[in-house]
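In what follows, a structure is listed as structure tokens, so that the remarks can point back to it.
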There are 2 protein chains.
Amino acid sequence: MATKRTYQQYCGLASGLDVVGERWTLLIVRELLMGPARYSDLLANLPGLGTNLLAERLKFLVGKGVIEQVDVRGTGAQLAYALTPVGEELRPVILGLARWGMEFVGELRAEDAVRPQWGFLAVEAMLDQRRASDLTESYEFQVDDEVFHIAVADGRASAVKGAAVEPVMRAKTDAATFVQIGGGRLTPLMAMVTGRLVLEGDMDAVVRCCELLGLETGAPASR
Amino acid sequence: MATKRTYQQYCGLASGLDVVGERWTLLIVRELLMGPARYSDLLANLPGLGTNLLAERLKFLVGKGVIEQVDVRGTGAQLAYALTPVGEELRPVILGLARWGMEFVGELRAEDAVRPQWGFLAVEAMLDQRRASDLTESYEFQVDDEVFHIAVADGRASAVKGAAVEPVMRAKTDAATFVQIGGGRLTPLMAMVTGRLVLEGDMDAVVRCCELLGLETGAPASR
DNA sequence: CGGAATCCCGGTGGATACTG
DNA sequence: CAGTATCCACCGGGATTCCG
């Protein structure tokens, strides 16, 4: 145990991988990108990860200053893990890798796990700030039992957990459909036709939201 | 062998990690970011990687369309591996992780491997396009026996292998010093004083180059 | 010589049972 | 609920051998 396996290379990438390169580690960080989570939350959302591994990874990441234990909701009653500022700096890296990996998500298979928050992540990864509208508006997403929204203001777009105050558009769908749309395997139009996606609100806003996410709506006259 | 271990999650990040998340894989891609490399080049620059693992990883990555075999220099005489466009899209991800990992490169230890191209990578990772000068100029770096340069033109900076045509600045150093400077563990001034870094050319250009890389020169009156 | 298959064996990691 | 302990399959590191 004293002999932690490392690459022993004097290089930023190798050193980074020595910290977050081992199996499951980046997926744990992914879960924490959506906010603090408890041990059992992580275990539930990472099927296949053993309890010993999770404990070991968490301890290791705490030691490296990537995550920390926080008490959420009251005085020490509920412990949880959260990203430190150093861990938070992994967000663009993880979003970038998630976008890259979209290329490789195939058809949904029976044995694949799906979680709403991964759709959330997909949307955040697809956000293209350069296409952010000048308008101030927000789009709400209800994915299974999770709700989040994209808030556009001052030409900046951000993905946030929770409901929007006055969304100009609301999308309701399931996690699998959401990931498929995010990965470009399914157009919003196709999803609507098959009843897997329900859109409410201003249809112009829907178009703006699709543009913001770099999505083809599935309607003709695009690319 | 038919049962490749995967995360089985319907998520871009998990799918991406199923492709490049295994041990050594991203380091192999890192080497190819600097241009095509042959099997033995890779083996030489990745100490600790076994021949079987390298062969397996290469085959796997070729199968996934991340890399491909190319014949460099003549007709099929010299085979080499190169990134495909898909693999090339990993560049920003790897540079981001390399920058993040800089935080964790400690003191150089005797057993650590160092390569000039990793310093090259470090510099590329530190390039901040927003600070690119309006001037058109280039800075040359001689790191051990490797030479590369940063070319600034049209407000864009890029890191390129090989010598510059008419560099306004030339830096000579060793790979370890270079990585340390890149990681902020050493200021250029400190490196010069200790004789590990030699700078030639226009000293104003040196300052501009440092700014481009987000480096403190080590001189007073900064931060 | 470049590229890769075949061994062996130690360490990682997956599954389950158990404990504070 | 939050981990710890234990078992064992299998991945990965090293050397050797093989093929072209």
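In what follows, chains are A, B, ... by sequence order, proteins preceding strands, each numbered from 1.
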Listed partners of A/K172 passing salt bridge (charged side-chain N to carboxylate O under 4.0 Å, His left out), at least two apart = A/E200
What residues form a side-chain hydrogen bond (donor to acceptor under 3.5 Å, both in side chains) with A/S15, not counting sequence neighbours?
-> none
Using whole Å, report how far CZ of A/R5 lies from P of D/dC10.
-> 18 Å
By side-chain hydrogen bond (donor to acceptor under 3.5 Å, both in side chains) - contacts of A/Q180 (at least two apart) = A/R196, B/Y10
ring-ring contact (aromatic ring centres under 6.0 Å, His included) against B/F148, all qualifying residues, sequence neighbours excluded | B/F120, B/F141, B/F178
Whole angstrom is fine here: how far is it from CG in B/L43 over to P in C/dA4?
-> 11 Å
Separation of D/dG12 atom C1' from B/K59 atom NZ, nearest Å, is 16 Å
Whole angstrom is fine here: how far is it from CD in A/Q9 over to C1' in D/dG13?
-> 15 Å
Result for 5'-nearest mapping on DNA chain D, choosing between A/Q69 and A/Y7, is A/Q69
Is there any side chain to side chain donor-acceptor pair (under 3.5 Å) pair reaching into residues 91-103 of chain B, and which pairs are they, with sequence neighbours excluded?
-> B/E88-B/R91, B/R91-B/E124
One should read off an interatomic distance between A/L53 CG and A/I28 CD1, to the nearest 0.5 angstrom, of 8.0 Å
Given atom CG of A/L53 and atom C1' of D/dA5, what is their separation to the nearest angstrom?
-> 14 Å
Identify, residue by residue, the members of residues 17-39 of chain A with a heavy atom below 4.0 Å from DNA chain D, and return them in order of residue number, or none.
-> A/R38, A/Y39
Between C1' of D/dG12 and CG of B/L54, the distance in whole Å = 13 Å
Across all chains, not counting sequence neighbours, the side-chain hydrogen bond (donor to acceptor under 3.5 Å, both in side chains) partners of B/D174 are B/T177
Calculate the interatomic distance between A/Y81 atom OH and D/dC1 atom C1'; express it in whole Å.
-> 11 Å
Axis-to-axis angle across the helix from C/dC1-D/dG20 to C/dG20-D/dC1, five pairs an end, to 10 degrees?
-> 30°
Expected string for nucleotides 14-20 of chain D under the B/S/- scheme (protein heavy atoms, under 4.0 Å, primed atoms plus P, OP1, OP2 as sugar-phosphate) is BBB----
Salt bridge (Lys or Arg N to Asp or Glu O under 4.0 Å) contacts in which one or both residues fall within residues 13-29 of chain B, not counting sequence neighbours = B/K4-B/E22
Go through the structure and list residues passing side-chain hydrogen bond (donor to acceptor under 3.5 Å, both in side chains) with B/N45, not counting sequence neighbours.
-> B/R115
Euclidean distance, atom CG of residue A/L58 to atom P of D/dA2 [Å, nearest integer] | 11 Å
Salt bridge (charged side-chain N to carboxylate O under 4.0 Å, His left out) with B/E166: which residues, sequence neighbours excluded?
-> none
Charged N-O contact under 4.0 Å between A/E107 and A/R185 | yes
